[in-house]
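Structure first, commentary second.
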Amino acid sequence: MKFTKPWFEVPNELIKGDEIFFSAEVEQYKINRPDVLKQRDRIWNDAKKKADQIYKRWSKYTDEHKRKNFQLSLTKMKQKQHDILEQAKEDQKKLELVDYGLNKIKKINISKLVKPRHHFERGQYNYEQYKRQGYKYSAWLAARSIKYSQGESVE
């Protein structure tokens, strides 16, 4: 989630366990995650293997039965293969190569603030410092949040 100006309207720093609600737009962006790509490949390879097995069984059956009803059984076998591969394509589509992010966050409200641990003071967000330091300020806030959630002392 992008650290945008509406965050600075929140009176104090948020910590793990606080609950907020807000309005935002959802944006979609492409990803290239190896785990998703491997899973999509596995779906396709399993379907191809199954389609090949159907062909082998059909071929063995027709050899043993002197090609009895050859054209009818060939058509059925090809239809089964087609159905398996089409289902694999549908299953692959369910594993989208996209992810979603929140954009244009507005109307941030706090619904619950947890009591912070002893020796921790919530800070106030500083828009002027953010404008001066940009990513460095965001990274500092993130590091502070991580330390707090891991139980480390926060300066």
Side-chain angles (χ1 to χ4, degrees), residues 1-60 76-155:
M1 183 179 318
K2 295 176 183 168
F3 194 57
T4 58
K5 192 170 182 175
W7 281 110
F8 296 98
E9 296 168 10
V10 174
N12 290 310
E13 177 181 13
L14 297 173
I15 59 173
K16 184 177 181 176
D18 291 343
E19 294 179 14
I20 62 171
F21 59 96
F22 52 85
S23 298
E25 292 180 13
V26 177
E27 67 179 347
Q28 185 180 37
Y29 57 92
K30 291 185 179 197
I31 59 171
N32 190 11
R33 288 185 25 203
D35 61 324
V36 176
L37 292 170
K38 284 179 185 177
Q39 196 170 354
R40 287 173 68 136
D41 287 345
R42 190 176 16 225
I43 289 169
W44 184 254
N45 291 335
D46 290 348
K48 286 289 287 173
K49 186 177 179 180
K50 193 172 181 180
D52 289 345
Q53 289 170 346
I54 287 172
Y55 173 77
K56 287 175 185 174
R57 283 196 306 267
W58 171 83
S59 182
K60 184 177 180 183
K76 286 182 179 180
M77 183 272 302
K78 284 187 175 184
Q79 185 60 48
K80 281 182 185 178
Q81 285 181 313
H82 179 268
D83 292 346
I84 289 168
L85 297 177
E86 287 301 311
Q87 183 61 51
K89 287 178 187 176
E90 290 300 315
D91 292 346
Q92 283 180 314
K93 285 179 187 175
K94 291 176 188 173
L95 298 172
E96 295 181 279
L97 289 172
V98 296
D99 208 344
Y100 302 90
L102 298 175
N103 198 10
K104 297 185 182 173
I105 296 167
K106 55 188 176 227
K107 299 179 186 172
I108 299 174
N109 290 296
I110 298 170
S111 58
K112 176 186 164 191
L113 289 177
V114 298
K115 185 177 180 189
R117 286 195 311 270
H118 189 62
H119 299 302
F120 179 80
E121 296 268 338
R122 288 179 190 263
Q124 288 188 321
Y125 295 124
N126 186 328
Y127 185 63
E128 292 306 315
Q129 189 174 353
Y130 174 68
K131 282 195 323 189
R132 275 194 318 275
Q133 294 182 322
Y135 177 74
K136 286 182 180 180
Y137 182 69
S138 300
W140 176 80
L141 284 172
R144 183 175 158 85
S145 296
I146 290 168
K147 281 183 177 180
Y148 178 84
S149 67
Q150 294 174 343
E152 297 177 25
S153 64
V154 179
E155 50 196 71

Approximate separation, where rounding is to 0.5 Å, of F120 CZ and E13 CD: 4.0 Å

Can you tell me how far the CG atom of L141 sits from the CD1 atom of I146, to the nearest 0.5 Å? 11.0 Å

So does E152 have more than 12 non-hydrogen atoms from other groups sitting under 6.0 Å from CD? yes

Are the side chain of S23 and the backbone N or O of K107 linked by a donor-acceptor pair below 3.5 Å? no

May I have the step-by-step check of side chain to side chain donor-acceptor pair (under 3.5 Å) for D35 and Q39, ending in yes or no? CA-CA 6 Å; D35 61 324; Q39 196 170 354; over 6 Å; no

Is the closest side-chain heavy-atom distance between R117 and Y148 below 4.5 Å? yes

If you measure from CG on D83 to NZ on K50, what distance do you get to the nearest 0.5 Å? 10.5 Å

Do you know the tightest heavy-atom contact between G123 and R144? N-NH2, 4.0 Å

Indicate every side-chain donor-acceptor pair of residues 128-136 with a distance under 3.5 Å to a residue at least two apart or in another chain.
unit_1 : atom_1 : unit_2 : atom_2 : d
Q129   : NE2    : Q133   : OE1    : 3.1
Y130   : OH     : F3     : O      : 3.1

If we count only N and O atoms by modelled type, under 3.5 Å, do the side chains of D91 and Q87 hold a donor and an acceptor together? yes

N/O donor-acceptor pairs under 3.5 Å from side chains in residues 93-106, not counting sequence neighbours:
unit_1 : atom_1 : unit_2 : atom_2 : d
Y100   : OH     : Q28    : NE2    : 3.4
N103   : ND2    : E27    : OE1    : 3.4

Heavy-atom closest contact (I20 atom, S111 atom, distance): N-OG, 4.0 Å

Got I84 and Q53 here, is their nearest side-chain heavy-atom distance under 4.5 Å? no

Hey, could you give me the CD/OH distance between Q81 and Y55, rounded to the nearest 0.5 Å? 9.0 Å

Do D18 side-chain atoms and V114 backbone N/O form a donor-acceptor pair below 3.5 Å? yes

With rounding to the nearest 0.5 Å, note down the distance linking CD in Q79 to CD1 in I54. 11.0 Å

Answer yes or no: is there a donor N or O on one side and an acceptor on the other, between the side chain of Y125 and the main chain of L14, under 3.5 Å? yes

Non-hydrogen side-chain atoms of R122 and I15 separated by less than 4.5 Å: yes

To check you understand the geometry: which heavy-atom pair defines the closest contact between P11 and I110, and what is its length? CD-CD1, 4.0 Å

